[in-house]
**Q** 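One structure coming up, written as structure tokens, with questions to follow.
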Amino acid sequence: MREPATASDVSRRRGPSRYTLVCLGLCALILVLAAVDLGHTESRLPDFPSYCQRGEASCFNAQLSASVANERAAQPLQRQYNSRAWLYAFAILAIGAVATAYSLRSNPRTEWLRIFTNLGVTGVWIGIGVIVVLVTTDGNAVTPPPAPLLMLPVVLLMAAVIGTLIGRSEGWAEPSQANEVRDRVLHIGKLAVHVGTVGQAKRSRLEELARWLAATAVTLTAITGVFALAFVLAQPGCATNGGPPSWSNPIDSVAAVAAIGGMAAGVGALILRRWIAALISLIACPVALLFVLASTCAFY
């Protein structure tokens with residue numbers, strides 16, 4: 001006689017939820033916008049025709065001069081697209097973080113390992129796609145920058161590894177069918193344990209972790225705002241030809257690192273129901289980075 005399907009079997013057979021499909025659609029839309037932006041940026045390069053015959057001695061010099069002029073014209077366009085590429089990458093990571101947090105809240109703890117496993121698989125496929133994109137666009141005048149592209153699979157793989165290690169240490173593994181009878185028999189005992197000393201200690205550790213994540217998220221968000229404000233005020237403006245002072249060069253990197261940490265802590269605070277801290281970090285950090293990118297004339 002066929003055994004009835006368990007809740008875990010039903011969850012495995014169930015397709016992606018509507019919320020997951022919406023997040024995937026938004027990520028795909030951002031990738032399409034990034035590709036269109038890349039093509040539009042490269043089309044802004046001026047044409048450098050070379051009128052020469054291959055048999056002429058001056059043909060090589062003419063082609064070399066045209067190539068050098070093309071590279072010089074592509075440099076400012078490449079810098080501007082690099083800034084926008086970071087914005088696209090952070091937008092995709094923000095959508096992925098919100099989708100992961102929603103999946104963790106809407107699924108039982110026994111399904112969390114599967115969620116982090118899916119993150120790892122997604123990171124591997126994105127890494128393969130990033131390598132293909134970098135190889136195929138290597139000879140173009142304006143190319144996708146490797147750093148923001150490689151950041152996506154690296155962050156997903158790190159999240160998958162960290163989540164899997166935490167899940168195994170906390171015992172998130174899904175119980176087997178052989179243990180279901182035993183779990184039902186010991187259900188009253190488990191409730192007593194959770195109400196008792198062990199359960200109280202576990203809740204206190206979670207509360208301490210939630211407070212730490214909330215404080216970290218708010219602190220890193222404040223650091224991001226301070227460094228972003230300092231960087232924006234140091235920029236000379238897009239209408240001038242002068243460059244920013246040398247002391248402002250590492251500030252945008254510090255703001256980006258602090259923003260990544262603040263958003264990561266904000267996702268953890270969101271999972272542990274620290275709504276205010278999560279809302280502050282997940283909104284303020286991307287907005288601060290957007291102002292940093294705008295001050296570098298990335299959208300000029």
Side-chain angles (χ1 to χ4, degrees), residues 3-28 91-126 152-184 186-187 190-191 193-195 198-199 201-214 216-217 263-279 281-283:
E3 296 181 356
T6 62
S8 61
D9 297 331
V10 174
S11 64
R12 288 193 186 96
R13 289 195 297 263
R14 186 177 54 194
S17 63
R18 182 179 302 176
Y19 186 83
T20 302
L21 293 177
V22 171
C23 292
L24 291 176
L26 290 176
C27 292
I92 293 176
L93 284 182
I95 293 174
V98 173
T100 302
Y102 178 82
S103 299
L104 293 177
R105 284 188 51 80
S106 60
N107 286 278
R109 193 177 295 269
T110 54
E111 294 289 326
W112 285 11
L113 279 178
R114 179 180 58 84
I115 295 174
F116 285 107
T117 301
N118 292 337
L119 280 181
V121 174
T122 304
V124 171
W125 281 108
I126 291 179
L152 297 175
V154 168
V155 171
L156 291 178
L157 290 175
M158 289 180 59
V161 171
I162 294 173
T164 302
L165 292 177
I166 295 176
R168 290 181 177 178
S169 64
E170 294 291 332
W172 294 348
E174 186 177 359
S176 61
Q177 294 181 358
N179 295 329
E180 288 183 0
V181 177
R182 185 192 64 181
D183 292 339
R184 292 174 183 175
L186 298 178
H187 182 65
K190 289 182 178 180
L191 290 178
V193 169
H194 283 292
V195 173
V198 179
K202 187 174 181 180
R203 285 194 297 272
S204 64
R205 289 197 299 269
L206 288 177
E207 289 293 330
E208 183 179 357
L209 177 61
R211 287 193 297 269
W212 182 84
L213 287 174
T216 302
M263 288 187 291
V267 171
L270 178 64
I271 297 174
L272 296 177
R273 300 183 180 181
R274 291 298 188 270
W275 311 113
I276 297 178
L279 186 65
S281 61
L282 292 177
I283 293 179

**Q** Might you point out which heavy atoms bring Gly266 and Ser281 nearest each other, and give the distance in Å?
**A**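 Smallest interatomic distance, heavy atoms only, reads CA-OG, 3.2 Å.
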**Q** Over all heavy atoms of both residues, which pair between Pro153 and Ile126 is shortest? Give the atoms and the distance, please.
**A** CD-CG2, 3.9 Å
**Q** Locate the shortest heavy-atom distance separating Leu157 from Gly120; write the atom from each residue and the value.
**A** CD2-O, 3.4 Å
**Q** Answer whether the closest heavy-atom distance between the side chains of Trp112 and Thr100 falls below 4.5 Å.
**A**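 No - every pair of side-chain heavy atoms lies 4.5 Å or more apart.
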**Q** Taking atom CD1 of Ile115 and atom CG of Leu104, what is their separation to the nearest 0.5 Å?
**A**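 Rounded to the nearest 0.5 Å, the CD1-CG separation comes to 4.5 Å.
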**Q** Can you name the nearest heavy-atom pair linking Cys27 to Ile92, along with the distance?
**A** SG-CG2, 4.1 Å
**Q** How long is the straight-line distance from CZ of Arg211 back to CD of Glu208, given to the nearest 0.5 Å?
**A** 6.5 Å
**Q** Starting at OG1 of Thr122, measure out to CG of Leu24 and round the result to the nearest 0.5 Å.
**A** 8.0 Å
**Q** How close do Ala159 and Phe116 get, heavy atom to heavy atom, and via which atoms?
**A** O-CD2, 3.4 Å
**Q** If you count the non-hydrogen atoms of other residues, nucleotides and ligands that lie under 6.0 Å from CG in Leu209, is the total more than 12?
**A**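 More than 12 within 6.0 Å, yes.
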**Q** Could you tell me which non-hydrogen atom of Gly163 sits nearest to which non-hydrogen atom of Leu113, and how far apart they are?
**A** O-CD2, 4.3 Å
**Q** To the nearest 0.5 Å, how far apart are CG in Leu119 and CG in Leu156?
**A**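 So the CG of Leu119 and the CG of Leu156 are separated by 6.0 Å.
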**Q** Hey, mind stepping through Asn107 and Arg114 against side chain to side chain contact (heavy atoms under 4.5 Å, CB included) and telling me if it holds?
**A** CA-CA 10 Å; Asn107 286 278; Arg114 179 180 58 84; 3.9 Å; yes
